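The structure appears right after this line, and notes come after that.
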Amino acid sequence: MFTGIIETLGRIHEIQKEQSNLHVTVESSFTHELKIDQSVSHNGICLTVVAIKDNFYTVTAIDETILKTNIGDWKVNDIVNLERGMKLGDRLDGHIVQGHVDQTGTCVNIQEANGSWNYTFEYDQNLNNITIEKGSITVNGVSLTVVNSKTNEFSVSIIPYTFENTNFKNFTIGTKINLEFDVVGKYISRLYSINK
């Protein structure tokens, strides 16, 4: 479980394909604190640490993860948002995030707004995921509040701290992002699809 509050940024050091799996090696400031078998969120994708060496650690993505996320598009030197699993007893500053990406979306608009930024994302509505106005959404692992919720589109507003300390600053129109919809929203959308 995660909170969607990004701890640090990591840099993709190496990507190796082995059959249908991807082994991704990441350089990060907290590598020395990691252990084998520990879960780390990478752009919202929960991946298990399988190897550690110096400032680098390696995680493995299987076919299911590659199909549902943007990990297959990652390249060496890409910057990813990182968060370690939450500790019991800690404050929950974001919202409950599972690290299980529901689907990808696309950045369709970026507007600077007097010191903050507004981002709009589109997603495939046929996968029965929904956003709720003022509800929570996880974009590339970042816990955010939905504004302008529509059937297949929503916006978020980013404060300067989030802009500087996540990979949002690297987004352009067309950037493919990972989405994890709010657990409550998922429950409502499942009920809606069953009762349709």
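Heavy-atom basis, side chains included; hydrogens, waters and symmetry copies ignored. Everything quoted here is computed from the prediction, not taken from an experiment.
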Q | Within 6.0 angstrom of Lys53 NZ, more than 12 heavy atoms from elsewhere | A | no
**Q.** Atom pair CG/CG of Asn70 and Asn178 - distance to nearest 0.5 Å
**A.** 3.5 Å
Q.
I want to check something: taking the side chain as every heavy atom from C-beta on, are Leu179 and Val139 in contact at a cut-off of under 4.5 Å?
A. yes
Q: Treat each ILVMFWY residue as a node, draw an edge where side-chain heavy atoms are under 4.5 Å apart, and state whether Ile137 and Trp117 are in one component.
A: yes
Q. For residues Gln16 and Glu18, is any side-chain donor paired with an opposing acceptor at under 3.5 Å?
A. no
Q) Does the side-chain contact (heavy atoms from CB on, under 4.5 Å) test come out yes or no for Thr106 and Thr175, once each step is laid out? A) CA-CA 6 Å; Thr106 304; Thr175 295; over 6 Å; no
(Q) Within the supplied structure, the quantity of interest is the number of heavy atoms (other residues, nucleotides, ligands) at a distance under 6.0 Å from Lys150 NZ; does it exceed 12? (A) no
Q | Heavy-atom side-chain contact between Ile15 and His23 under 4.5 Å | A | no
Q. Just checking, any donor-acceptor pair under 3.5 angstrom between side chains of Thr48 and Gln38?
A. no
**Q.** Side chain Asn43, main chain Gly141, donor-acceptor under 3.5 Å
**A.** no
Q | Side-chain donor or acceptor of Ser149 paired with backbone N/O of Thr131 under 3.5 Å | A | yes
Q: For side-chain contact (heavy atoms from CB on, under 4.5 Å), just list the numbers for Asn170 and Ile79, CA-CA rounded to whole Å, side-chain angles, deciding distance to a tenth of an Å, and then say yes or no.
A: CA-CA 8 Å; Asn170 299 329; Ile79 301 299; 4.0 Å; yes
Q. Would you say Met86 and Val49 are hydrophobically clustered, going by side-chain heavy atoms of ILVMFWY under 4.5 Å?
A. no
Q) Taking C-beta and beyond as the side chain, do Leu82 and Phe30 meet within less than 4.5 Å on heavy atoms? A) yes
Q. Quick one: NZ on Lys68 to CD1 on Ile45, what's the gap to the nearest 0.5 Å?
A. 12.5 Å
Can I get a per-line list of side-chain donor-acceptor pairs under 3.5 Å for residues 154-162, giving both atom names and the distance, sequence neighbours left out?
unit_1	atom_1	unit_2	atom_2	d
Ser155	OG	Thr120	OG1	2.8
Ser157	OG	Asn118	OD1	2.7

Q | Atom pair CZ/CG of Phe171 and Asn109 - distance to nearest 0.5 Å | A | 14.0 Å
Q.
Please find the pair of heavy atoms, one from Val40 and one from His42, that lie closest to each other, and give the distance.
A. O-ND1, 3.0 Å
Q: For Gln103, enumerate each residue passing the side-chain hydrogen bond (donor to acceptor under 3.5 Å, both in side chains) test, keeping only those at least two apart in sequence or located in another chain.
A: Asn129
Q) From Thr69 OG1 over to His100 NE2, what is the distance, rounded to the nearest 0.5 angstrom? A) 12.5 Å
Q.
One thing to verify: whether Asp73 and Lys176 come together as a salt bridge, which I'm taking to mean a side-chain N less than 4.0 angstrom from a carboxylate O.
A. yes
Q. Charged N to carboxylate O under 4.0 angstrom, Glu7 versus Arg84?
A. yes
Q: Please work out which of the three classes, parallel, tilted or perpendicular, describes the rings of Phe56 and His13, given edges at 30° and 60°.
A: tilted
Q | Ile12 side chain reached by Val24 side chain, heavy atoms, under 4.5 Å | A | yes
**Q.** Reported OH-to-OG distance for the pair Tyr57 and Ser28, which is rounded to 0.5 angstrom
**A.** 5.0 Å
Q.
According to side-chain hydrogen bond (donor to acceptor under 3.5 Å, both in side chains), who are the partners of Glu27, at least two apart in sequence or on a separate chain?
A. Arg11
Q: Would you check, one step at a time, whether the test side-chain contact (heavy atoms from CB on, under 4.5 Å) holds for Ile177 with Thr104?
A: CA-CA 5 Å; Ile177 47 90; Thr104 58; over 6 Å; no
Q.
With heavy-atom distances below 4.5 Å as the criterion, would you say the side chains of Phe121 and Val146 are in contact?
A. no
Q: State whether a side-chain donor-acceptor pair under 3.5 Å links Asn81 with Asn167.
A: yes
**Q.** Same apolar cluster (I L V M F W Y, side chains within < 4.5 Å links), Ile71/Val101
**A.** yes
Q | Any side-chain heavy-atom pair of Cys46 and Ser39 under 4.5 Å | A | yes
Q) Does Glu180 reach the main-chain N or O of Gln98 with its side chain, forming a donor-acceptor pair under 3.5 Å? A) yes
Q.
What's the separation between atom CD1 in Ile66 and atom CH2 in Trp74, rounded to the nearest 0.5 Å?
A. 10.5 Å
(Q) A side-chain contact here means heavy atoms from C-beta on lying under 4.5 Å apart; do Ile52 and Thr31 qualify? (A) yes
Q.
Using the rule that Ile, Leu, Val, Met, Phe, Trp and Tyr join whenever any side-chain heavy atoms are under 4.5 Å apart, tell me whether Val147 and Ile130 fall into a single cluster.
A. no
Q) Between Ser143 and Thr138, does any side-chain donor sit less than 3.5 Å from a side-chain acceptor? A) no
Q. Val59 and Ile36: same hydrophobic cluster, using ILVMFWY side-chain contacts below 4.5 Å?
A. yes
